[in-house]
Amino acid sequence: MTLYTRSPARAAAVLRNGGTVAFPTETVYGLGADALHARAVAGIFRAKGRPADNPLIVHLCDRDQLGLVARRVPRSAERLLDRFAPGPVSVIVPRSRAVPDRVTAGLDTVAVRFPGHAVARRFLEACGCPVAAPSANRSGRPSPTTWQAVRDDLDGRADAVLTVGRIAHGIESTVVDCTGPRPVLLRAGSLSLEALREVVPGLRVADRSAGSTARSPGTKYRHYAPRAPVRLVTHPGEITPADADRAAYLGLTPPPRNLRFRFCRTFRSAEAYARDLFRLFRESDAAGVRAIFCQTVPPEGIGLALADRLVRAAAGRPRTASGSGRSRD
Ligand code: TXA
Ligand code: MG
């Protein structure tokens with residue numbers, strides 16, 4: 001049975017008892033467990049059906065907790081945290097021995113993040129321990145941006161769900177590896193590359209095609225996918241009326257009038273598109289659409305992360321044909 005509660009203190013009590021608890025952050029909902037207890041963390045992998053080789057982000061509310069999980073804090077990590085924590089960035093640092101292998105998938109490093117969301121902070125304070133948490137979806141599904149989306153995926157699988165708190169960004173945190181001589185962006189996210197480079201100008205972007213998947217294991221799995229195939233378009237004018245029938249459209253440009261989609265949303269900004277993307281993937285599925293056409297966006301600001309999620313959601317599917325892809329994470 002899953003406990004649904006509005007009380008951060010009640011949710012934290014479940015976590016302190018070794019349970020798994022879904023909680024809101026400013027990016028997406030996370031599914032947390034006590035990061036220093038391997039058995040509690042195992043519950044996250046069970047609930048999500050997550051592959052064991054995909055490490056988790058450890059959530060903290062207080063800079064003093066860093067010493068519990070990090071063996072050392074590189075200068076670039078310190079600078080990023082000074083400027084952006086609490087906020088939507090995760091930094092990868094050398095891990096301390098107190099962190100179980102379960103959390104880091106056996107890596108010698110650990111990702112840490114200080115959520116800025118007020119409810120998340122109250123919850124983490126009440127937990128009083130570092131909280132390991134991936135996004136609170138079943139593996140491979142879009143990250144949840146409402147507690148109802150968490151319920152759809154994890155009812156009966158998570159021990160508790162904290163049901164208050166609005167998501168601000170809708171796309172996960174930006175992940176930066178700070179363990180090497182130069183910091184590396186492993187996952188584009190809610191904090192833009194441009195903002196990060198103001199603080200660490202030498203930040204390099206990992207080249208996915210060149211084996212960087214080994215550095216961020218999660219990136220090798222197909223992600224964020226709704227059930228309906230996602231098809232990318234540069235402009236809605238590329239879509240035929242026959243294809244639009246029983247399909248959804250999401251994008252910045254309004255589609256031509258002759259296209260009668262079952263479900264159509266246009267956004268005023270890339271930020272608004274990003275915030276609603278995962279929720280609308282789920283709504284499109286609920287509406288039973290045959291395909292979801294998504295307009296691509298320029299890779300600037302939040303657009304870099306949004307473009308990344310769109311490409312991954314569409315992964316394994318050619319641009320103009322539908323087909324079913326298998327998903328693993
Ligand atoms: O916004 C977020 O980041 C959300 C909220 C809940 O904090 N969390 C989230 O977690 O998106 P998850 O597990 O869905 O994604 C974490 C990503 C994965 O791609 C994982 O492989 C990578 O971070 N990661 C975690 N620890 C790592 C490490 N030590 N080295 C390299 N990559 C790591
Ligand atoms: Mg995830």
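Heavy-atom basis, side chains included; hydrogens, waters and symmetry copies ignored. Starting from 1, each residue takes its place in the sequence as its number. As the structure is a prediction and not an experimental result, all values here were calculated from the model. Ligands are counted one by one from 1 in listed order, and the atoms in each one are counted from 1 as well.
Proximity to Arg187 (heavy-atom distance under 4.0 Å) selects the following atoms of ligand 1: 2 (C), 3 (O), 9 (C), 11 (O), 15 (O), 16 (C), 17 (C). Distances below 4.0 Å separate heavy atoms of Thr27 from the following atoms of ligand 1: 1 (O), 2 (C), 5 (C). Each of the following atoms of ligand 1 lies closer than 4.0 Å to a heavy atom of Ser173: 1 (O), 2 (C), 3 (O). Against a heavy-atom cut-off of under 4.0 Å, Asn54 is close to the following atoms of ligand 1: 18 (C), 20 (C), 21 (O). Listed by number with element, the atoms of ligand 1 under 4.0 Å from a non-hydrogen atom of Gly30 are 6 (C). Set against the non-hydrogen atoms of Ser135, the atoms of ligand 1 under 4.0 Å away are 8 (N), 9 (C), 10 (O), 12 (P), 14 (O). For ligand 1 and His59, the ligand atoms under 4.0 Å from any heavy atom of the residue are 5 (C), 6 (C), 7 (O). Close approach of ligand 1 to Ile92 (heavy-atom distance below 4.0 Å) involves ligand atoms 27 (C), 28 (C), 30 (N), 31 (C), 32 (N), 33 (C).
Of the heavy atoms in Arg95, none comes closer than 4.0 Å to ligand 1. The proximity of Arg50 to ligand 1, defined as any non-hydrogen pair under 4.0 Å, is limited to the side chain.
Residues Tyr4 and Leu162 have side chains not in contact (no heavy-atom distance under 4.5 Å, counting atoms from C-beta outward). Residues Val131 and Val58 are not in side-chain contact: their nearest non-hydrogen atoms beyond the backbone lie 4.5 Å or more apart.
There is a side-chain donor-acceptor pair under 3.5 Å between Thr253 and Gln295. At a cut-off of 3.5 Å, with distance as the only test, a side-chain donor of Ser143 or Glu172 sits close to an acceptor on the other residue. Counted by atom type alone, Arg113 and Thr25 present one or more donor-acceptor pairs between their side chains at under 3.5 Å.
Judged by distance alone, the side chain of Ser173 and the main-chain N or O of Val89 form no donor-acceptor pair under 3.5 Å. The closest donor-acceptor contact from the side chain of Ser76 to the backbone of Pro183 lies at 3.5 Å or more, if one exists at all.
Among the atoms of Ser135, an N, O or S atom falls under 2.8 Å of the Mg ion (ligand 2).
Among the atoms of Arg113, some N or O lies under 3.5 angstrom from an N or O of ligand 1. Of the N or O atoms in Tyr29, none lie within a sub-3.5 Å distance of an N or O in ligand 1.
Residue-ligand proximity: Thr104 is placed with every non-hydrogen atom at 4.0 Å or more from ligand 1.
Sorted by first and then second residue, the salt bridge (Lys or Arg N to Asp or Glu O under 4.0 Å) pairs with a member in residues 246-272 form an empty list; sequence neighbours excluded. Listed by first and then second residue, the ring pair (Phe, Tyr, Trp, His ring centres under 6.0 Å) pairs involving residues 56-99 are Phe23-His59 (not counting sequence neighbours).
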